[in-house]
2 protein chains.
Amino acid sequence: MAKKTLTTLQTIAERLGLSVSTVSRVLNDKSDQYRISARTQHAVQDMARQLDFRPNQLARSLRLRKTQTLGLVIPDISNPFFAQIARHVEIEARSRHYSIILCDTQESTDLEIESIRLLRSREVEGLIVVPVGQKSDHLKTLQAESFPVVIVDRLLSDLDLPYVASDNYQGAYDAVCYLIDHGHTRIACLQGLPGTSPNQQRVRGYRDALGAHGIVPDSDLIRGDSYGSQTGYEQTLQLLLRNSPVTALFALSNLIGLGAIRALAELKRRIGKDISLLCFDDQPYLAYMDPPITTVDQQNTEMGRLAVRLLFEQLAGQTKENKGLLLPTQFIERKSVNNLCLERRDKCDSTH
Amino acid sequence: MAKKTLTTLQTIAERLGLSVSTVSRVLNDKSDQYRISARTQHAVQDMARQLDFRPNQLARSLRLRKTQTLGLVIPDISNPFFAQIARHVEIEARSRHYSIILCDTQESTDLEIESIRLLRSREVEGLIVVPVGQKSDHLKTLQAESFPVVIVDRLLSDLDLPYVASDNYQGAYDAVCYLIDHGHTRIACLQGLPGTSPNQQRVRGYRDALGAHGIVPDSDLIRGDSYGSQTGYEQTLQLLLRNSPVTALFALSNLIGLGAIRALAELKRRIGKDISLLCFDDQPYLAYMDPPITTVDQQNTEMGRLAVRLLFEQLAGQTKENKGLLLPTQFIERKSVNNLCLERRDKCDSTH
DNA sequence: TTGTAAGCGTTATCAT
DNA sequence: ATGATAACGCTTACAA
């Protein structure tokens, strides 16, 4: 049988014939401030160690009105992209002696609302939210109450909260320019969830890059409606089975890219030869495919870290105008994009 | 400026000229039990809604000695395998109105110890731990104090705590039998972290399967020392560059498999043709590779779910003898293993 | 049908 | 150099 009796300040105080205040002070390194005798100090320290005393953070938080806890709200923690963000949120928070309560909203706005309520009920000092991205009233409430919060990845247009996200527009723009520079003009855009900001920005980058090179975007080439792999698979299949003359696919998420890869394999199209592929979102396995896939990498480590920093700026009471951080993406050139200019150098050098 | 004044039971009580107890009772659905008038009930409910009252869980937990919180301790939340477990731990816990405090121990035993201490300081009611897997004294302490805990994935031999893990032995055994049935006898085993139980069990399964077929395990073919992709890459390279006559690789984690795939691509060995590959641990991308990789899938969704259930059994005071759950793995046959038995008649291209 | 008061474990404000 | 006491917000005997 284990000891059922919790060790508290009381316990120590009684055993030593001291008051709880004294014990509390010693254990909070206030001995000097209160000029507590060396003997008492040691006695308390020893007893605390001996009883393996752990201060009750609940009581502490209640009294101090400070929980040293942040809420992390994520649509799907099993998605590696979010998992990486979560990891660095946790690490950065821990380095500041804060803990993370995790809520997986399963891409449901209702769960997101419930989660935020729950977290506030638990008196988290701030929230880091990757919103599902469709409704925003509950987030507006946070804004109105100026509750500390940072939005990550999925921005909402009618919101004015601090955020961290990738520069999705520029990342897509550059990627498409790269494709065009390699002689591609018929580029399909396999998109994610249309209502969400990353998708919108990426599609806009895609369109603008085409436009800047005098190519009229063909809306039939913008296809798909979710970030999952199924979409990538189906859309690629449809596109190629009807003999659409596309030479390149631009997949707006790594899962979509995965679906495309599967479809291409089934159709026996060799990536980087018969057809080109470029994915938004890098993941370790993409470097190990045959051929390695060219991607637009997002700095998710940095996103997690910065989200916490932005949150702490708010906690520190920095009233500075609402900061939004757009992190540059990194273009990673590998072997999945064919250079059509080298193959048929009759038409290509004019475009730049 | 937002209202700084927290809404509490007090607030409601004062506004209504009632006592906090009455308000508390109404809000906790004890109206009937205490025969509180319908008028009071509605008044309280309305006011609570109007003020958007959220009960302070800190105070509640302190009073009730019940936090409705579990601690989740994971070596690396960005590892998809663990992320999936985490997801289903969260979902299952939430369905029981419990929250999760997440700690990423970064594969460090020190951080694991610190995390557990922290979580207990926060009065979590139970712990779900995927241990780093090397030291176990701190876990023994939990056992000694019979603190509710469930160990996941990485078991420790000198521990007698409830656990959930895959049947790594059987999974590996079956996989190697499959390879042997397909005519392979020189099978390399690319192992993970030697000290950890999943690795030990898998290696044992590998050895026993060979033995059962009269093949003497060549210890030179058991190589590697970590679950990461770097190991898989290096060991595969070494093995093949010295012209070891292996016909198949058995990678003991998906990351190791990834490294092997990269090495094979560099060496221009065609998987499923020139050499065979089989991975422990399925991940979505493995189905989409060319060729799709044959794997041993683990039920990580189920692991997360069951871990929570086992924990709740303990919370409910079920003293039944310490339950350990070994989940069967699932063999997923794809295209990465060559059938040497069929090929033997017309071999023309096997230059190694 | 409702109110009073004690207490959960801690820290801060007075005292002494 | 140390102790008593109140308070954080809540629940629950015990009263009324």
Side-chain angles (χ1 to χ4, degrees), chain A residues 4-45 47-48 51-69 118 120-125, chain B residues 4-45 47-48 51-69 118 120-125:
Chain A
K4 287 269 104 174
T5 30
L6 198 46
T7 304
T8 74
L9 290 182
Q10 271 276 26
T11 328
I12 300 178
E14 280 171 4
R15 297 235 194 171
L16 258 37
L18 290 168
S19 72
V20 283
S21 348
T22 305
V23 177
S24 169
R25 294 195 260 249
V26 173
L27 263 19
N28 284 299
D29 294 317
K30 305 232 167 103
S31 303
D32 290 358
Q33 186 184 331
Y34 284 89
R35 337 185 83 242
I36 288 171
S37 73
R39 214 160 44 86
T40 304
Q41 282 186 48
H42 290 129
V44 171
Q45 308 268 19
M47 188 56 76
L51 298 178
D52 190 30
F53 170 74
R54 283 181 304 268
N56 185 323
Q57 296 297 343
L58 247 41
R60 201 154 195 278
S61 297
L62 184 60
R63 176 65 233 242
L64 258 26
R65 327 189 104 264
K66 202 163 175 313
T67 52
Q68 310 229 119
T69 307
L118 174 82
R120 294 198 65 184
S121 210
R122 287 174 177 276
E123 308 291 319
V124 297
E125 292 179 39
Chain B
K4 287 271 102 171
T5 29
L6 197 46
T7 303
T8 74
L9 290 182
Q10 271 275 28
T11 328
I12 300 179
E14 280 171 4
R15 296 236 195 171
L16 258 37
L18 291 167
S19 72
V20 284
S21 5
T22 305
V23 177
S24 168
R25 293 196 260 250
V26 173
L27 262 19
N28 285 301
D29 293 319
K30 305 231 166 104
S31 303
D32 290 359
Q33 185 184 330
Y34 284 89
R35 336 185 83 246
I36 288 172
S37 74
R39 214 159 44 85
T40 305
Q41 282 185 49
H42 290 129
V44 171
Q45 307 269 19
M47 189 56 76
L51 298 178
D52 190 29
F53 171 73
R54 284 181 304 267
N56 184 323
Q57 296 297 343
L58 247 39
R60 203 156 193 279
S61 298
L62 184 59
R63 174 65 232 243
L64 260 23
R65 327 190 102 265
K66 201 162 176 312
T67 52
Q68 309 227 120
T69 308
L118 175 82
R120 294 197 64 184
S121 210
R122 287 175 177 276
E123 308 291 319
V124 297
E125 292 179 38

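All chains are named by letter (A, B, ...) in the order of the sequence lines, taking the proteins before the strands, and each is independently numbered beginning at 1. No experiment lies behind these values; they were computed from the predicted model shown.
- In summary, contact between chain B and DNA chain D, defined as any nucleotide atom under 4.0 Å from a heavy atom of the protein, begins and ends at D/dG9 to D/dA13 in the 5' to 3' direction.
- Every residue meeting the side-chain hydrogen bond (donor to acceptor under 3.5 Å, both in side chains) condition with A/Q68, not counting sequence neighbours, appears here in chain and number order: A/K66.
- Listed in residue order, the members of residues 14-26 of chain B having a heavy atom less than 4.0 Å from DNA chain D are B/S21, B/S24, B/R25.
- Contacts of A/R120 classified as salt bridge (Lys or Arg N to Asp or Glu O under 4.0 Å), with partners at least two apart in sequence or in another chain: A/E145.
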Under 3.5 Å, sequence neighbours excluded: what are the donor-acceptor pairs made by side chains of residues 9-17 of chain A?
unit_1 : atom_1 : unit_2 : atom_2 : d
A/T11  : OG1    : A/T8   : N      : 2.8
A/T11  : OG1    : A/T8   : O      : 3.2
A/T11  : OG1    : A/T8   : OG1    : 3.4

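- With sequence neighbours excluded, the residues forming a side chain to side chain contact (heavy atoms under 4.5 Å, CB included) with B/T40 are B/L18, B/T22, B/I36, B/S37, B/V44, listed by chain and number.
- The minimum heavy-atom distance between A/Q45 and A/V26, with the atom names listed, is NE2-CG1, 3.9 Å.
- With sequence neighbours left out, B/S21 forms a side chain to side chain contact (heavy atoms under 4.5 Å, CB included) with B/S19, B/R25.
- Five base pairs at each end of the helix from C/dT1-D/dA16 to C/dT16-D/dA1 define two local axes, and these are offset by 50° (rounded to 10°).
- Taking 4.0 Å as the cutoff to heavy atoms of chain A, we find the contact window on DNA chain C bounded by C/dG9 to C/dT13.
- Every side-chain hydrogen bond (donor to acceptor under 3.5 Å, both in side chains) that B/T69 has, sequence neighbours left out, goes to A/R122.
- Of the residues in residues 28-41 of chain A, those lying under 4.0 Å from DNA chain C by heavy-atom distance are A/N28, A/K30, A/Y34.
- Every salt bridge (Lys or Arg N to Asp or Glu O under 4.0 Å) that B/R54 has, sequence neighbours left out, goes to B/D52.
- Here the straight-line distance linking atom CE of B/M47 with atom OG1 of B/T7 works out to 10.5 Å at 0.5 Å rounding.
- When heavy atoms are screened at a 4.0 angstrom cut-off, A/L9 is found touching base atoms of the nucleic acid.
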